[in-house]
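Protein chains get the first letters and strands the later ones, always in sequence-line order, with residue 1 at the start of each. Side chains are part of it too, since the values below use all heavy atoms of this structure and drop only hydrogens, waters and symmetry mates.
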There are 2 protein chains.
Amino acid sequence: MTSSPSGRRAPRGSLSAAATRRVERPAPLRQAVYDALLELIVNRTLAPGQHLVEAELAEYLGVSRQPVREALQRLQTDGWVDLRPAQGAFVHTPTEEEADQLLAVRSVLETYSAKLAAEHATASDVKLLKKLQKAGEEALVTANVERLVKANADLHAAVAAIGRNKVLSEMIGLVDRRVRWYYTPIARPRSRDSWNEHAELVAAIADGDAERAGEVMHNHAEQTRQTYHDRKTPEGSTESD
Amino acid sequence: MTSSPSGRRAPRGSLSAAATRRVERPAPLRQAVYDALLELIVNRTLAPGQHLVEAELAEYLGVSRQPVREALQRLQTDGWVDLRPAQGAFVHTPTEEEADQLLAVRSVLETYSAKLAAEHATASDVKLLKKLQKAGEEALVTANVERLVKANADLHAAVAAIGRNKVLSEMIGLVDRRVRWYYTPIARPRSRDSWNEHAELVAAIADGDAERAGEVMHNHAEQTRQTYHDRKTPEGSTESD
DNA sequence: GAAGTGCTTTTTGCATACCAAAAGCTGTAT
DNA sequence: ATACAGCTTTTGGTATGCAAAAAGCACTTC
């Protein structure tokens, strides 16, 4: 029972190099499961409407039902799956209405975020933004959709972080991820305009012009919303990848 | 998909009077536990910082650990408790910074909500608002804090509902509840002003004046925020502004 | 007496097993 | 075929066990 001298925990006393990192997190399994399932949902491996059976997921992921259940419940509160009372989890099927509402909320949150960013941005913040902007424009020329989407997400996240409002950042993170899920399949043609607007946004933030930053972001978000609407009624084409 | 006209919705018996009620919900236990714990937190039975032991809560509530765990995890994602990796749940301790951030987010969400309400309000919507306004003013004369808080919450929720944006409503619900948790203990002196502003808001919505409704709501929220700040600086404070 | 040390206890996190109830499916009798 | 009955699958919850981590305690040592 009390075997081995395995109790050689890190020295409690003079921490010495302890400052570097907090050792290793036990890495809560449910979090890993959550990430895995979210990935599967976002990349359409698990299709909207699909029934997710706990036991299957558990076996597939090599864990027991418990962490799967907990992950599914969190996925529900974040809007990725629907938990029907006695039937289990189904991948959420986004409706047009819901997408529009999400885009609207995103618009107001991001607009505020841009204002805050303009008010708080330091020189190094601006530097980071310009770096991200450049990365985005490079992705633009390679026409790599995945990279573009990521660059876009990174820039928006950076703006939110600069605003120094964690509550806001977190919300934007949640909303944006879902919006991106809906929007990604049709994101192609707007990229160029989008990054021009980003450039304008970065400039406004660099100038510390909150009013203008907010305005630019608002227009940016509304453009996206408009694009979504224009695009959504061609024919039910499932263009995946 | 579900639009198949055949509607094979299991007609087990010809429904008879089934239309009235959806039978009885199986009543998901974790939800009941969630509600119970939230109530205990909000009314300060469980104090901020307190360590919540799964087994204790389970016994206290007469359920097993599992639903308690699930409730605690949802309480975490909603910001009511902190789940420390290997130590369990602690009632969240709100910081001044966080409260302010929450108030700021609430402000922008509510402002948008008011605009939407003004755009969408029907005659019966306005009627409801006026009813709630009246209820609030009655609570005002009785000086019953609890009733006042509830009336306030009801009115804001009604405005959000009128806006017809579910995503927004839900978010406002989450944010407002937390704000109220922080704010309730100091809600006294502003009630009168607050309800005057509510009256103005209702009037603007009734007129369908989105611009004005948004403005009124914005001022209303910012006033609340200001009150919160004024109140929490009794003596020489370290204002980081 | 103070400080550092190991040991025990507590609690979480996950696995496993089991069961009742509900929803879905299937097969059979009429 | 249709309606009914029974079977199967799946959830939601209980109970239990256990490894690992944190906290608390007691004990030794200086």
Enumerate the residue pairs fulfilling ring pair (Phe, Tyr, Trp, His ring centres under 6.0 Å) with a member in residues 160-180 of chain A, sequence neighbours excluded, ordered by first and then second residue.
-> none

Let me know the distance between NE2 of B/H51 and P of C/dT9, rounded to the nearest Å.
-> 19 Å

Under 3.5 Å, which donor-acceptor pairs do the side chains of residues 78-85 of chain B form with other protein atoms, sequence neighbours left out?
unit_1 : atom_1 : unit_2 : atom_2 : d
B/D78  : OD2    : B/Y34  : OH     : 2.6
B/D82  : OD1    : B/H92  : ND1    : 3.2
B/D82  : OD2    : B/H92  : ND1    : 3.0

Can you list every ring pair (Phe, Tyr, Trp, His ring centres under 6.0 Å) pair that touches residues 153-178 of chain A, not counting sequence neighbours?
-> A/H156-A/H198, A/H156-A/H220

Salt bridge A/R164-A/D125, side-chain N to carboxylate O under 4.0 Å = yes

Looking at residues 63-71 of chain A, who's got a heavy atom less than 4.0 Å off DNA chain D?
-> A/R65, A/R69

side-chain contact (heavy atoms from CB on, under 4.5 Å) partners for B/S169, two or more places apart = B/A160

Rounded to whole angstroms, how far apart are CZ on B/R84 and C1' on C/dT10?
-> 15 Å

Whole-Å gap separating P (D/dA15) and CD (B/E59) = 11 Å

Take the protein atom CZ of B/R30 and the nucleotide atom C1' of D/dT11, then report the distance between them rounded to whole Å.
-> 9 Å

For A/R69, what residues pass the side-chain hydrogen bond (donor to acceptor under 3.5 Å, both in side chains) criterion, not counting sequence neighbours?
-> B/E70

Check every strand shown and say whether A/L52 touches a base, only sugar-phosphate, or nothing at a heavy-atom separation below 4.0 Å.
-> sugar-phosphate

Take atom CD of A/Q76 and atom C1' of D/dG12, then tell me their distance rounded to the nearest Å.
-> 14 Å

Take the protein atom CD of B/E54 and the nucleotide atom C1' of C/dT10, then report the distance between them rounded to whole Å.
-> 12 Å

OP1, OP2 of D/dA21 versus side-chain N and O of B/Q87: anything below 4.0 Å?
-> no

B/L29 has an atom CG; how far is it from atom P of D/dT11, in whole Å?
-> 18 Å

